[in-house]
Amino acid sequence: MQEKKLGKFFKNYVGKKSLFVNKSVLQASYMPNEINHRDEQIEQLASILAPTLRGDLPSNLFVYGKTGTGKTLTVKYVSEQLNKSAEEEKVLMEVVYLNCKLKKIADTEYRLVAQMARHFGKAIPPTGLPTDEVYNVFYKALDEEKKFVLIILDEIDQLVKKIGDELIYNLTRINSELKNSNVSLIGISNDLTFVNNLDPRVKSSLSEEEILFPPYNAIQIQDILRKRSKIAFQPKVIKEGVIEKCAAYAARDHGDARRALELLRVAGELAERKNNKIVKIEHLDSAENKIEKDRILELVRSQPKQFQITLYAIILKNSLQKEKVYTGEIYDYYKKICNEISLRPLTQRRVSDIIAELDMLGVINGRVLSKGRYGRTREISLSVPKFIEPKIIEILEENLEIERKNELF
DNA sequence: CGAGATTCATGTGAAGTATACCTTTAGGCTTAA
DNA sequence: AAGCCTAAAGGTATACTTCACATGAATCTCGTA
C-alpha cells in the first residue's frame, strides 16, 4: 500500500512541470556568459593582466568591495578568458584560485602553500613537513617549465587577520626565487580598510594596482535578476513585482547580488514545493527566513565539537536568564556540560578563544567590557534570529548526544 | 569632594606540551646468484 | 650481496595548556577645601 502511494508520488513528481528550466543559473557558482554592470572593472582588470600575453609580468593586484558585488565572479571570468587567449597565443599560464576562509583547507600558511602545491599535482601531507619544505616543493612545481602563474587569493583579509602578513610578503617575493616562471598575485578582500593595516612593504607590492567594486544599485540588481531568471525559470512563472521586491531586499543592505539571486532561487524552490504555479512575493519572505536558517544551521553543524559545546552553553545560558551573560558563567556551564557527556573540558583560556572565534563567525555577539570593580569580561549575546534557536539546540543535542534535563528550562 | 590608588575577573600574549603525522635511517629478514 | 620491509629516531604543524602580565572602570582612600 505504501509502495503504491510512493510510486504515485514519484510519478506525479516527474510528471509535474518544474518551475525551473535551469536552476544552476541562479547558483553562486554559475558563470554567466557576460557580466552586467561591471564593464569598467573588467576593462581595468583586463588591461592590467594583458601584458601576460606578451610575456611580460603584470602588476600584483588588489581587488576590494563588499560581498556580492561580483568581485570573485569578475576575477574568475577575466582570468579564464585570459587563460583561453594565452592558449591561443601559445603562452603557458596557470590560474590558481584559493579561498582563504575555508577552514582546514587554506587557513594557515602551511595549508595554503600546501594547497597551491597540490594544484600542481604535488602530494603534500596534512602535517609533518616543515613549512620551508612545502615552499620548496611549490617553487619547484612552479619552476618546472617556463610559465606564467596567476594566484588569486579570495577573502585574503580573513587570512591575514588570523596569521599575519608575512605570508603575503613571502608570496610577493616568489619571483626572485624562480628562474623560469613568473608569478603575480590577485588579492580579493571584503574589508575596504584591509590594505591600510598591512606592513608597508607588503602593502606596496600587493597593491601596485587596485580595483574597487562598488555595490550594485537596485536597478542594476533588477537587471541582473531579470536576465538570469529568464534562463532559469519557465516563462511567466514569476509574478510581477517579485523581482523588484527581491532587488529592493538586496539593495537594502549594500547591493548584494549574490544574496538577491539566492533569494530568488529559494523562493522558486519554495513555490515549487508548495505546488504553486507562480512565484509570489510571500515566497520571498519565507525564502529570506529559510536562507538565514540554512546558513546558520550549516555553520553550526560544521563546527568542531568543542565549539558546539561552547555554543550550546551560550544558548542555554542565554535563554535561562534575562540579563547579559559573561565568560565566567559560560565557562562554568560549559564545564558542567562536559561533565555530563564525560568529555574533558578545555581550559578557560582556550574557551575564551573559541568564544572569540564564534564571534568572528557571526553566530554570537561578544563585546569586551570592563565592569570596574567587578573585573573585565566579555559580554555575550546571541546574534541569530530567535526562531532559529530551538533548531540549533536540537542539532547540537543530536550531534553531542546530549539528553536535555528539564531543569535546564 | 575629587584625584589617585586599588581591585577584580578575565582578556591576551608567549612559551611549553601532547598528538598525529611526516621522512630518514638502520637493522633484520628474504631472495637470488 | 642486494633488495625489501619494519621499527625506531628525529622532525613538523596544530590544537591546546600553562604562566604571567595587561586592562580599565567601579570602588576605595585619603588629602584638601
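All values reported here derive from a predicted model rather than from experimental measurement.
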Protein-nucleotide distance (A/Y326, atom OH; C/dG24, atom P), rounded to Å: 17 Å

Within the structure, does a side-chain N or O atom of A/T127 lie under 4.0 Å from either OP1 or OP2 of C/dA13? no

What is the ring orientation for A/F62 with A/Y64, classed by angle as parallel under 30°, tilted 30 to 60°, or perpendicular over 60°? parallel

Take atom CD of A/E379 and atom P of B/dG11, then tell me their distance rounded to the nearest Å. 12 Å

Just say parallel, tilted or perpendicular for the rings of A/F138 and A/F120, cut-offs at 30° and 60°. tilted

I'd like to know if A/R349 reaches the base of B/dG13 with its side chain such that a donor and an acceptor end up less than 3.5 angstrom apart. yes

A/T131 side chain: which of C/dT23, C/dA13, B/dT10 is closest? C/dA13

Length of the line joining A/Q348:CD and B/dG11:P, which is rounded to integer Å: 6 Å

What is the distance, to the nearest angstrom, from the CZ atom on A/R350 to the P atom on B/dT10? 19 Å

Between P on C/dA13 and OH on A/Y110, what's the gap in Å once rounded to a whole number? 8 Å

Could you check A/R378 against A/R373 and say which one's nearest nucleotide on DNA chain B is further toward the 5' end? A/R373

OP1 or OP2 of C/dA26 less than 4.0 angstrom from a side-chain nitrogen or oxygen of A/S370, does that happen here? no

Residue pair A/F20, A/L26: steps toward the side chain to side chain contact (heavy atoms under 4.5 Å, CB included) verdict: CA-CA 10 Å; A/F20 292 101; A/L26 297 178; 4.2 Å; yes

Can you check the A/K305 NZ to C/dC16 C1' distance for me, whole Å? 17 Å

When the nearest nucleotide of DNA chain C is assigned to A/E109 and to A/Y374 on a heavy-atom basis, which residue is associated with the more 5' position? A/E109

Whole angstrom value for the distance that separates P of C/dA25 from CZ of A/R367: 12 Å

Under 4.0 Å from OP1 or OP2 of B/dG11: is there any side-chain N or O of A/S352 that close? yes

Which nucleotide, B/dC22, B/dG11, C/dA15, lies nearest any side-chain atom of A/T327? B/dG11

Whole angstroms only, please: what is the CG-P distance between A/L129 and C/dA13? 9 Å

Taking side chain to side chain donor-acceptor pair (under 3.5 Å) as the criterion, tell me which of A/R111, A/H119, A/R118 meets it with A/Q115. A/R118

Of the candidates C/dT17, B/dA9, C/dA15, the side chain of A/R376 sits closest to B/dA9

For a quick test of reading the model, state the closest non-hydrogen atom pair linking A/A267 to A/A287 and the distance between them. N-CB, 3.6 Å

Identify whether the distance between the nearest side-chain nitrogen and carboxylate oxygen of A/R259 and A/E288 falls below 4.0 Å. yes

Quick test of your reading of the model: are A/K335 and A/E329 salt-bridged, counting only N-O distances below 4.0 Å? no

Hey, does A/P304 reach any base, or is it just sugar-phosphate, or nothing, if we go heavy atoms under 4.0 Å? nothing

A/H37: which of A/T69, A/D223, A/N217 passes side chain to side chain donor-acceptor pair (under 3.5 Å): A/D223

Could you identify which residues of residues 133-144 of chain A place a heavy atom less than 4.0 Å from some atom of DNA chain B, listed by residue number, or say none? none

